[in-house]
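Encoded as structure tokens, the structure appears first; notes follow it.
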Amino acid sequence: MSGAKSRKSEKDTAELTALQAALGAEHAAVYGYGVVGGLIGEARRSEAQAAYDAHRARRDELARAVRALGGTPVAAAAGYALPFPVSDPDAAVRLAAELEERVAGVYSDLVRAAAGERRRTGAEGLREAAVRAVRWRGGSVPFPGLAERAGSASATPTA
């Protein structure tokens with residue numbers, strides 16, 4: 001019986017760690033979309049606003065899931081290092097695609113670590129981020145969220 005409890009505890013710990021990582025990625029995405037929104041062209045401003053709102057909603061959902069597992073949600077940082085200089089609308093579009101790719105990577109980790117409803121949440125987050133990345137990038141990758149399979153250099157959770 002104690003072996004079963006130990007496995008459940010390890011699974012809960014892995015799931016909580018993955019939830020916290022996804023929450024951290026959502027904090028970074030919300031920050032990043034603040035930068036995107038300030039520089040994006042008028043034609044794509046509503047798309048950036050919709051992505052910002054979606055990441056805020058996911059962030060709040062993940063914070064509730066962390067609390068449900070008995071954890072304290074990770075707080076957002078005061079600022080995040082951007083992966084490259086963002087000074088014009090073209091760079092803002094590239095940043096939005098990069099944010100979505102990184103979020104997708106973290107959600108793929110949540111899918112691997114979770115079960116049931118939380119796994120479904122991870123899969124939905126991965127799908128949504130992958131679709132937004134395609135829209136921003138203008139093309140898709142073979143395995144969204146799996147940098148090692150897609151040939152992408154980065155799937156880290158911070159912006």
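Heavy-atom basis, side chains included; hydrogens, waters and symmetry copies ignored. Keep in mind that this is a model prediction, so the values were computed, not measured.
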Original post:
Please walk me through it: do Glu117 and Arg120 pass salt bridge (Lys or Arg N to Asp or Glu O under 4.0 Å)?
Top reply: CA-CA 5 Å; Glu117 188 59 36; Arg120 189 173 2 270; 3.2 Å; yes
**OP:** Find the distance between CZ (Arg44) and CD (Gln49) and round it off to the nearest 0.5 Å.
**Re:** 15.0 Å
Subject >> Polar side-chain atom of Arg45 near backbone of Ile40 as donor-acceptor pair, under 3.5 Å >> reply: yes
Original post:
Cut-off 3.5 Å, side chains only: do His55 and Glu100 have a donor facing an acceptor?
Top reply: yes
**OP:** Check Tyr80 against Gly24 and note the closest heavy-atom contact, atom names and distance.
**Re:** OH-O, 4.4 Å
Original post:
Linking I/L/V/M/F/W/Y whenever their side-chain heavy atoms sit closer than 4.5 Å, directly or via other members, would Leu126 and Val131 fall into one cluster?
Top reply: no
Original post:
Short question: side chain of Glu101, backbone of Ala133 - any donor-acceptor pair under 3.5 Å?
Top reply: no
Original post:
Considering all heavy atoms of both residues, which atom of Val36 and which atom of Ala48 are nearest to each other, and what is their separation?
Top reply: CG1-CB, 4.0 Å
Original post:
What heavy-atom pair brings Ala113 and Ala14 nearest, and what distance separates the two atoms?
Top reply: CB-O, 3.8 Å
Original post:
Under 4.0 Å between a Lys/Arg side-chain N and an Asp/Glu carboxylate O for Glu61 and Arg58?
Top reply: yes
Original post:
CZ of Arg94 to CZ of Arg137: how many Å apart, nearest 0.5 Å?
Top reply: 13.5 Å
Original post:
Hey, does Leu110 have a side-chain heavy atom less than 4.5 Å from the side chain of Leu19?
Top reply: yes
**OP:** Could you tell me whether Arg102 and Glu98 have a side-chain N and a carboxylate O separated by less than 4.0 Å?
**Re:** yes
**OP:** Could you tell me which residues satisfy salt bridge (charged side-chain N to carboxylate O under 4.0 Å, His left out) with Arg135, sequence neighbours excluded, listed by chain and number?
**Re:** none
Original post:
If you take all heavy atoms of Pro73 and Leu23, which pair is closest and at what distance?
Top reply: CB-CD2, 3.5 Å
Original post:
Can you tell if the side chain of Leu16 reaches within under 4.5 Å of the side chain of Val66, non-hydrogen atoms only?
Top reply: yes
Original post:
Are Tyr107 and Val111 joined in one hydrophobic group, where the rule is that I, L, V, M, F, W and Y side chains link up if heavy atoms are under 4.5 Å apart?
Top reply: no
Subject >> Val134 with Leu99, same ILVMFWY side-chain cluster at under 4.5 Å >> reply: no
Original post:
Quick one: does Trp136's side chain get under 4.5 Å of Leu95's, heavy atoms only?
Top reply: no
